[in-house]
2 protein chains.
Amino acid sequence: MPRAATTSDVFNAVAEPKRREILALLIQERDVGGIVAAVGLRQPSVSKHLRVLRDVGLVRLRRRGRHVFYRTEPAAIRPLHDWAKTFERFWQHQLLRVKERAEAKVSNTRKEIP
Amino acid sequence: MPRAATTSDVFNAVAEPKRREILALLIQERDVGGIVAAVGLRQPSVSKHLRVLRDVGLVRLRRRGRHVFYRTEPAAIRPLHDWAKTFERFWQHQLLRVKERAEAKVSNTRKEIP
DNA sequence: TTGACACATTCCTATACAGGAATATATATT
DNA sequence: AATATATATTCCTGTATAGGAATGTGTCAA
């Protein structure tokens, strides 16, 4: 079985670096031409990335005449954030242990010096 | 160009749901057999997922005789967390606006009642 | 109406993938 | 040494890309 479709969930959609770049860009609304100018890709590739982002709800669009303006939908990133946050307390534990070891070492060094 | 390799970065590695499941599982150290029993996959598939997670630093291993014990390396998830957190203030803005609209509505309703 | 412009979609291709089956490697047991 | 156990790797296959090229669609302008 191949990897899940990029359109299936947010995790797959943001696995592509260019799409993350586009998401960061679209915190400020831009039309497709503006995105093409900003990232180093041809217009059809950009449109395809936008389609993926749209399908998982990571961007919204607004049509104005011939132009289509896209903007990031930040709330759609929350599931990813919440998942990562699940591990936060564990890496904090790690940092604490590192700190404790460092302090213990200092303490030992002090004992050794006299 | 195909999708980037799963081994290239943390974002690609966690794009696969089973790997996220394994990461959650390995907060508590387990051997491969234990993982196989927990997730519904054959041993070779599990070993391959572990290889990917290992290559991007998301898990560490400890050999004990014939058994290999894996555990999640929570700190390796931080880049993902930090990236998602970049958008936190924007979705908070959204929530604030929703709240403001709701309060404005209540206020209007009150004005209409008398 | 005829272009011109902005964007989206389709078709093509090389590549990466995930699981299954078979096999290899390493360690423990007898 | 021979065998059993635990895990890793290799080979195979159907599927999902991501970008390029070509084409389709909708809107504005003259």
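Letters go in sequence order (proteins before strands), and every chain restarts at 1. Just so it is clear, the model here is predicted, and its values are computed rather than measured.
The distance between atom CD1 of A:I35 and atom C1' of C:dA6, rounded to the nearest whole Å, is 12 Å. If you take CG of A:L61 and P of D:dT27, they are 13 Å apart, rounded to a whole angstrom. Computed from coordinates, the B:E21 CD to C:dG19 P distance equals 11 Å when rounded to whole Å. A straight line from CG of A:D55 to P of C:dA8 spans 12 Å, rounded to a whole angstrom. Protein atom CD of A:E16 is 13 Å distant from nucleotide atom C1' of C:dA16, rounded to whole Å. The distance between atom NZ of B:K18 and atom P of C:dG20, rounded to the nearest whole Å, is 10 Å. The separation between A:R30 atom CZ and C:dC7 atom C1' is 17 Å, rounded to whole Å. Atom pair A:D9:CG and D:dA16:C1' shows a separation of 14 Å (rounding to whole Å applied).
You'll find that the side chain of B:R42 is closest to C:dG20, out of D:dT17, C:dC7, C:dG20. Of the candidate nucleotides D:dA8, D:dA16, C:dA8, C:dA8 has the atom lying nearest to any side-chain atom of A:P44. Here the side chain of A:R66 is nearest to one of C:dA16, C:dC5, C:dA8, namely C:dC5.
If you check every strand for non-hydrogen atoms under 4.0 Å, A:R64 touches nothing. Across all strands shown, B:R63 has no heavy atoms under 4.0 Å from either base or sugar-phosphate atoms.
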Evaluation steps, side-chain contact (heavy atoms from CB on, under 4.5 Å), between B:E16 and A:F11: CA-CA 8 Å; B:E16 163 65 42; A:F11 285 89; over 6 Å; no
Test log, rule side-chain contact (heavy atoms from CB on, under 4.5 Å), inputs B:R60 and B:R62: CA-CA 7 Å; B:R60 291 201 171 287; B:R62 178 175 67 92; over 6 Å; no
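A donor-acceptor contact shorter than 3.5 Å links the side chain of A:R20 to the backbone of A:V14.
Cation-pi contact between B:R64 and B:F69: absent, since separation from the ring centre below 6.0 Å together with deviation from the ring axis within 45° is not met.
Side chain A:K48 to base D:dG20: a donor-acceptor pair is found below 3.5 Å. For D:dA6, the base has no donor-acceptor partner in the side chain of B:Q43 [N/O atoms by modelled type, under 3.5 angstrom].
Residue B:Y70 places none of its side-chain N or O atoms closer than 4.0 Å to OP1 or OP2 of D:dA6. Phosphate contact (OP1/OP2 of C:dC5, side-chain N/O of A:H67, threshold under 4.0 Å): absent. For A:R51 and C:dT9, the shortest distance from a side-chain N or O to OP1 or OP2 is below 4.0 Å. In terms of phosphate contacts, A:S47 brings no side-chain nitrogen or oxygen within less than 4.0 Å of OP1 or OP2 of C:dC7. Taking 4.0 angstrom as the limit, A:T6 places none of its side-chain polar atoms (N or O) nearer than this to OP1 or OP2 of D:dA16.
Of all heavy-atom pairs spanning B:H81 and A:E88, the tightest one is CE1-OE2, 4.0 Å.
Remark on DNA chain D: of its neighbouring residues A:A4 and A:S45, the 5'-side contact belongs to A:A4, judged by nearest-heavy-atom nucleotide. Mapping B:N12 and A:L50 onto DNA chain C by nearest heavy atom places A:L50 at the nucleotide closer to the 5' end.
Ionic pairing of B:R71 and B:E73 is present here: one or more N-O contacts between side-chain nitrogen and carboxylate oxygen are shorter than 4.0 angstrom.
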